[in-house]
There are 2 protein chains.
Amino acid sequence: MRATDMTPQDKSNDSTEQKIFDAAHELFVQKGLDGAKMQEIADRAGINKALLHYYYRTKDKLYEMVAKSIIHQGIPIIQKTIESDLPLEEKIVKFVDFYIDLIRRNPFIPLFIISEMNKHPEQFMEKILPARLPRPEIFLKQVEDAVAAGTIRPINPQHLLLNIISLCVFPFVARPIMQMVLGMNKPEADQFLKQRKTEVTEFIFAALRPR
Amino acid sequence: MRATDMTPQDKSNDSTEQKIFDAAHELFVQKGLDGAKMQEIADRAGINKALLHYYYRTKDKLYEMVAKSIIHQGIPIIQKTIESDLPLEEKIVKFVDFYIDLIRRNPFIPLFIISEMNKHPEQFMEKILPARLPRPEIFLKQVEDAVAAGTIRPINPQHLLLNIISLCVFPFVARPIMQMVLGMNKPEADQFLKQRKTEVTEFIFAALRPR
DNA sequence: TATGTTTTTAACCATTTGGTTAAAAAAAAT
DNA sequence: ATTTTTTTTAACCAAATGGTTAAAAACATA
């Protein structure tokens with residue numbers, strides 16, 4: 001059984017193993033490895049705590065499987081887009097489109113990654129992060145070529161990639177405090193974040209327009 | 001005694017109270033409220049655990065004082081710049097300059113805020129976040145006026161503010177994974193992050209240039 | 001020097017935590 | 001129908017955790 005076989009899903013007709021996984025997924029996302037407790041996971045799954053150990057052996061193993069599943073929900077979309085042969089402009093549009101959609105539906109993904117990556121760096125890097133990460137070489141080359149051809153303003157490709165990801169991710173990660181600073185209630189903030197896709201795309205292309 | 005009276009500082013000739021605060025600051029930053037343990041804090045401070053309670057009464061109170069101190073290290077610089085009467089262009093340059101400097105020296109500030117804000121939302125919002133947050137009204141008005149005057153490309157002021165902050169903060173928050181995706185070692189990543197200030201400023205002004 | 005106050009220590013406490021165990025119950029195989 | 005295997009239960013365990021207590025030590029004052 002691999003991490004990709006066990007993902008969060010609909011709750012009806014669940015096996016005990018799936019019930020545990022779903023409960024753990026929710027609690028690890030909300031409270032992280034240290035904050036989520038085994039008894040709490042058992043309560044949420046509606047099972048006896050000893051079953052956690054029967055099916056997953058230790059808290060760490062359960063956590064690692066959940067964490068891998070979360071990573072697996074986020075990384076392939078980046079990979080598919082960044083590594084594709086689409087023309088640069090189309091690639092940027094699609095990346096922003098897909099990535100913001102993904103994060104709007106699953107804001108826990110970047111939140112979890114950032115938090116746990118910094119709280120448990122060794123465990124994260126050595127046990128959770130997949131061996132194969134998205135490779136940006138095609139994208140970087142495309143940016144270089146576009147700069148050389150004069151179709152975009154001169155810019156360091158790595159900084160451009162980082163800018164694109166920053167603009168997509170950060171607003172969702174910092175949502176609570178940004179909402180307060182901008183004086184928005186929840187529906188207003190929802191509406192505001194709905195606009196991110198077009199705002200980010202426009203901002204990036206404006207920034208890339210040759211002089 | 002207020003949170004502003006107790007900040008992390010040089011370790012020589014410390015009072016016991018300061019030693020505790022410094023140790024707690026380090027450990028809460030590294031591991032968060034749930035991950036940092038009182039005995040661990042006492043060990044790091046080189047004191048007997050009972051003193052934690054003598055000086056700070058409970059873990060929660062110690063945490064809240066440390067958290068307030070961390071917030072206090074980050075927010076005033078935003079406030080001072082955003083709320084100043086500087087012309088818009090100069091305000092953006094100074095904001096990016098000061099803010100990236102602050103985060104480069106203290107990457108724990110946004111990391112702590114994002115992580116703890118999402119792990120303990122009620123405690124964060126009700127006990128830690130100051131009543132007075134930076135007010136963006138002057139900045140937003142300046143952007144509107146510049147758009148109306150045609151000195152910058154039409155853009156929603158709130159999105160612009162969010163874009164600026166995203167570009168400044170996110171690379172430091174996501175450093176470990178971005179470093180791996182971009183295939184950099186630590187010195188290379190340090191050098192790369194050194195360039196953020198000019199890259200971000202250029203990117204923003206390019207994005208704002210009227211058509 | 002004696003007294004009062006503050007700080008520190010070491011032992012202790014009740015609860016929580018991740019994990020174990022053996023028996024009972026349920027499911028599967030013969 | 002019986003036996004074997006798997007799943008579940010409830011009780012238990014040792015260590016960890018945040019916190020308490022009373023006495024000793026250190027400091028300050030008269």
Side-chain angles (χ1 to χ4, degrees), chain A residues 1 5-6 9 11-68 116 119-120 122-124 127-128, chain B residues 1 5-6 9 11-68 116 119-120 122-124 127-128:
Chain A
M1 188 178 74
D5 291 343
M6 188 65 62
Q9 31 188 340
K11 299 246 173 123
S12 42
N13 300 321
D14 279 0
S15 63
T16 299
E17 191 171 340
Q18 185 67 51
K19 280 180 188 163
I20 294 171
F21 188 90
D22 292 346
H25 188 278
E26 283 174 27
L27 284 164
F28 283 137
V29 159
Q30 283 171 26
K31 304 187 177 189
L33 172 59
D34 300 315
K37 309 301 180 183
M38 294 295 259
Q39 184 60 60
E40 196 181 11
I41 291 168
D43 291 341
R44 186 166 287 200
I47 51 107
N48 184 294
K49 180 164 72 78
L51 293 181
L52 300 182
H53 302 280
Y54 180 76
Y55 283 99
Y56 292 95
R57 246 163 290 144
T58 66
K59 182 179 183 178
D60 266 352
K61 283 188 163 48
L62 177 59
Y63 170 79
E64 278 158 25
M65 290 191 65
V66 168
K68 275 176 175 152
E116 297 302 306
K119 289 284 187 312
H120 306 277
E122 290 183 10
Q123 192 171 15
F124 190 86
K127 302 269 184 69
I128 298 170
Chain B
M1 188 176 75
D5 291 345
M6 189 64 64
Q9 32 188 342
K11 298 240 176 131
S12 42
N13 300 320
D14 280 359
S15 65
T16 299
E17 190 171 341
Q18 185 68 50
K19 280 181 190 160
I20 294 171
F21 189 90
D22 292 346
H25 189 277
E26 282 174 30
L27 284 164
F28 283 138
V29 159
Q30 283 171 28
K31 303 185 178 191
L33 172 59
D34 299 315
K37 310 299 178 184
M38 294 294 260
Q39 184 61 58
E40 195 180 14
I41 292 168
D43 291 342
R44 185 165 288 201
I47 52 108
N48 185 294
K49 180 163 73 76
L51 292 182
L52 301 180
H53 302 278
Y54 180 75
Y55 284 99
Y56 291 95
R57 245 162 293 144
T58 65
K59 182 178 184 181
D60 266 353
K61 283 189 164 42
L62 177 58
Y63 168 79
E64 279 159 24
M65 291 192 64
V66 168
K68 275 175 176 156
E116 297 302 302
K119 289 281 186 319
H120 307 279
E122 289 183 10
Q123 192 172 14
F124 189 87
K127 303 264 183 73
I128 298 171

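The analysis underlying the following values was restricted to heavy atoms, covering all of them including side chains, and did not include hydrogens, waters or symmetry mates. Letters A, B, ... mirror the listed sequences (proteins, then strands); counts begin at 1.
- Val66(B) is not listed as a side-chain neighbour of Val29(B), based on a closest heavy-atom distance of 4.5 Å or more.
- Listed by first and then second residue, the salt bridge (Lys or Arg N to Asp or Glu O under 4.0 Å) pairs that reach into residues 50-60 of chain B come to none, sequence neighbours excluded.
- Contacts classified as ring-ring contact (aromatic ring centres under 6.0 Å, His included) and involving residues 28-50 of chain A (residues at least two apart or in different chains) are given here: Phe28(A)-Tyr63(A).
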Quick one: which protein N/O atoms are closer than 3.5 Å to N/O atoms of nucleotides 12-19 of chain D? Pair and distance per line, please.
residue, atom, partner, partner atom, Å
dG18(D), OP1, Lys59(B), NZ, 2.5
dG18(D), OP2, Met38(B), N, 2.9
dG18(D), N7, Lys49(B), NZ, 3.2
dG19(D), OP2, Lys59(B), N, 2.6
dG19(D), N7, Lys49(B), NZ, 2.7
dG19(D), O6, Lys49(B), NZ, 3.0

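- For Phe124(A), the ring pair (Phe, Tyr, Trp, His ring centres under 6.0 Å) test picks out no residue, with sequence neighbours left out.
- With sequence neighbours left out, the salt bridge (charged side-chain N to carboxylate O under 4.0 Å, His left out) criterion links Lys119(B) to Glu116(A).
- For Gln39(B), the side-chain hydrogen bond (donor to acceptor under 3.5 Å, both in side chains) criterion is met by Asp43(B), not counting sequence neighbours.
- When rounded to the nearest whole Å, the span between OH of Tyr54(B) and C1' of dC27(D) equals 11 Å.
- Under the rule for a salt bridge (charged side-chain N to carboxylate O under 4.0 Å, His left out), the partners of Lys31(A) that lie at least two apart in sequence or sit in another chain are Glu40(A).
- Mapping heavy-atom proximity under 4.0 Å, the span of DNA chain C touched by chain A runs 5' to 3' from dT17(C) to dT21(C).
- Looking at Ile20(A) and Glu17(A), their side chains never come closer than 4.5 Å, going by heavy atoms from C-beta outward.
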